[in-house]
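Reading through the structure tokens given below for one structure.
In what follows, chains are A, B, ... by sequence order, proteins preceding strands, each numbered from 1.
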2 protein chains.
Amino acid sequence: MAVEFESVVTVSAAKQIAESLRAAIMDGRLKVDERLPTEEELAQRFKVSRPTVREALKRLAAQHLIRSRRGPAGGNFVSSPAPEEAAQSLANAATLMVAVGDISLDAMATARLELEVVCCRLAASNRTDEHLDAMRRELQAQRNAALTDEEFCASDIRFHRAMVDASGNTLLQFLMHAVVEALQPVSNMIIFRVRDRQAIVGFHERILHSVESRDAETGAAALADLVAYTRDRYREALERRADRTG
Amino acid sequence: MAVEFESVVTVSAAKQIAESLRAAIMDGRLKVDERLPTEEELAQRFKVSRPTVREALKRLAAQHLIRSRRGPAGGNFVSSPAPEEAAQSLANAATLMVAVGDISLDAMATARLELEVVCCRLAASNRTDEHLDAMRRELQAQRNAALTDEEFCASDIRFHRAMVDASGNTLLQFLMHAVVEALQPVSNMIIFRVRDRQAIVGFHERILHSVESRDAETGAAALADLVAYTRDRYREALERRADRTG
DNA sequence: AGCCATTATTTGTCGGACTAATATTTTGAG
DNA sequence: CTCAAAATATTAGTCCGACAAATAATGGCT
């Protein structure tokens, strides 16, 4: 273990140790899957106790920067960031920001529309048969009236994710998965009527067809219609809720 | 403190406690700025020791879900997610994914272009004078030849952020700040020649003008040119580096 | 009444001990 | 000699108990 860490002296040891290790990982002094010293050794090196080191490690673990295994040949390892977990964290943050009002639902809706239009255009040129199949599968599933609302919503999300995946851009996938996920609570609120489902399936058919035929423009139109429709249904749902409560 | 937590029994106590608290925060049982029980009390409630509770709390702190203060009237408080910090986390994750190859630079560049075109279009219709001023200020700063490379890069980032902010969409701001940030290492690598600076200032002028005159199309073109230019300079930089090392 | 010292409360840190998991080594049987 | 099972060593996970540091509230002093 030849990696050097800056020594930490002043305040809030755990936080600074975490920061020091994080920096070491970020700028490549610690590589992915590399094992870092044992907690005991780190404690000696940073001149703190093991619990303090552990708190630092937990901070990193919470960001999925390290993973740990017990036993000999165990230890704490630099973890390559799993995109799904990172997307989950992002989705959580976005959900909270919506809940607290930092992001308005309107901003979220327009952002989603704009981003999905971009993905749709890329998908129209980069799609593969696998992606089309995935979209078709979800669309077929959504036609099943026996689906519960939750199942329908889940399939809805998978459909959009499949379209995003078809764009072939991993960064957009990453961002969009989180955005779509963060919007799920809203979707859950408004999908409950058969008519709504049929309408949404109709939008999805138009989207799928646009990607199939490599015609991004109709896809953009379909997405715009879908967002407008969703917005209206959401407003209605809010009014109904207002009626019930007062 | 009337909030109930599910009791945790089976495995990995700290992780489950963190998850339990996180869920309580996410679905609103714990509201922002609310103080949660003392560590002692949580330890009793979850039937674990205080260090274990602390590890759970550190996990949440790492995700900026809670903040802590010492002293009476201190404690652990639910923290409203600061967009900048969340964006920083996202940027870190993105940087790592680029470093590890989960995201190709090409994917990153196209994603950035597409997203910035979206932001530019929104900015053209939603911009305020403050946003225009911010963009003008940075542009003026970039004309100063005395700037160090780092200062020029920083101003470059601020210019793009100002344009993104002008879109008026907080979610896009949030995402783009992270994307732009994650791209900084690349920028740092290629900005070193006076000619490059002049070219980039030229692109920025076109972008600013398009937002000023509410003409999104020319802005999109300028952004595309900027990305293409940047890509070429980056390829050259890579070749130079290859020459030096081999 | 206003200011300062005291105090109480809560997180931060510590050291050590024990538990649980697990890879390695040793041992034993075939 | 081979292979499997048991012992062993190593390492993270948990726990306890205590003290340090920060800080708001309290109470006493001027």
Side-chain angles (χ1 to χ4, degrees), chain A residues 1 3 5-22 24-25 30 32-79, chain B residues 1 3 5-22 25 30 33-79:
Chain A
M1 177 53 54
V3 178
F5 307 108
E6 319 90 67
S7 63
V8 165
V9 268
T10 47
V11 295
S12 193
K15 204 163 190 172
Q16 295 212 4
I17 293 170
E19 190 50 37
S20 169
L21 290 173
R22 200 184 63 72
I25 294 173
L30 288 171
V32 167
D33 287 339
E34 188 170 333
R35 175 188 161 173
L36 36 102
T38 68
E39 299 179 347
E40 197 67 50
E41 214 170 329
L42 284 172
Q44 291 172 11
R45 205 177 290 202
F46 284 111
K47 305 256 199 288
V48 297
S49 71
R50 192 160 86 91
T52 304
V53 165
R54 280 184 63 73
E55 289 194 0
L57 295 176
K58 286 307 133 189
R59 298 182 105 99
L60 300 177
Q63 298 171 320
H64 308 119
L65 261 63
I66 62 171
R67 64 184 186 285
S68 60
R69 237 179 27 226
R70 289 199 270 207
N76 293 287
F77 297 84
V78 177
S79 172
Chain B
M1 175 52 54
V3 179
F5 307 109
E6 319 91 65
S7 62
V8 167
V9 268
T10 48
V11 296
S12 192
K15 204 164 189 172
Q16 294 212 4
I17 292 170
E19 190 52 35
S20 170
L21 290 173
R22 201 184 61 72
I25 294 172
L30 288 171
D33 286 338
E34 188 169 335
R35 176 187 160 174
L36 35 102
T38 68
E39 299 179 348
E40 198 69 51
E41 212 171 329
L42 285 172
Q44 290 171 12
R45 204 176 292 201
F46 283 110
K47 305 258 200 288
V48 295
S49 69
R50 190 160 88 92
T52 303
V53 164
R54 279 184 63 76
E55 288 195 2
L57 294 176
K58 287 309 137 190
R59 298 182 106 98
L60 299 178
Q63 298 171 316
H64 308 116
L65 260 62
I66 62 171
R67 63 183 187 284
S68 59
R69 236 179 28 228
R70 289 200 269 209
N76 293 287
F77 297 84
V78 177
S79 170

Picking from dA12(D), dG12(C), dT14(D), the nucleotide nearest the side-chain atoms of R54(B) would be dG12(C)

Looking only at dT11(C), dG13(D), dG15(C), the nucleotide nearest the E39(B) side chain is dT11(C)

Q) Quick one: does R69(B)'s side chain have a donor or acceptor within less than 3.5 Å of a partner on A73(B)'s backbone? A) yes

Considering non-hydrogen atoms only, spot the tightest contact between [X] and [Y] and give its length.
X: P37(B); Y: R45(B); value: CG-NH2, 3.8 Å
X: I25(B); Y: L65(B); value: CD1-O, 4.1 Å
X: A14(A); Y: A56(A); value: O-CB, 3.4 Å

Nearest-angstrom distance from the residue atom [atom1] of [X] to [atom2] of [N]:
X: K47(B); N: dG13(D); atom1: NZ; atom2: P; answer: 24 Å
X: I17(B); N: dC15(D); atom1: CD1; atom2: P; answer: 8 Å
X: K15(A); N: dT13(C); atom1: NZ; atom2: C1'; answer: 16 Å
X: E40(A); N: dT10(D); atom1: CD; atom2: P; answer: 13 Å
X: F77(A); N: dA23(C); atom1: CZ; atom2: P; answer: 10 Å
X: L42(B); N: dT10(C); atom1: CG; atom2: P; answer: 12 Å

Taken in chain and number order and not counting sequence neighbours, the residues that satisfy salt bridge (Lys or Arg N to Asp or Glu O under 4.0 Å) with R67(A) are D33(A)

Is the shortest side-chain N/O distance from N76(B) to OP1 or OP2 of dT11(C) below 4.0 Å?
yes

Across all chains, not counting sequence neighbours, the side chain to side chain donor-acceptor pair (under 3.5 Å) partners of T52(B) are S49(B)

R54(A) meets the side chain to side chain donor-acceptor pair (under 3.5 Å) criterion, sequence neighbours left out, with E39(A), E55(B)

Across all chains, not counting sequence neighbours, the side chain to side chain contact (heavy atoms under 4.5 Å, CB included) partners of E40(B) are T38(B), Q44(B), R50(B)

**Prompt:** With no angle test and no hydrogens, is the base of dG17(D) tied to the side chain of R50(B) by a donor-acceptor pair under 3.5 Å?
**Reply:** no

Residues in residues 56-69 of chain A with a heavy atom under 4.0 Å of DNA chain D, by number, are K58(A), S68(A), R69(A)

Which of V53(A), V48(A), I17(A) passes side chain to side chain contact (heavy atoms under 4.5 Å, CB included) with L42(A)? Answer is V53(A)

Just the table, please: protein N/O against nucleotides 6-9 of chain C N/O, every pair under 3.5 Å.
residue, atom, partner, partner atom, Å
dT9(C), O2, P72(B), N, 3.2

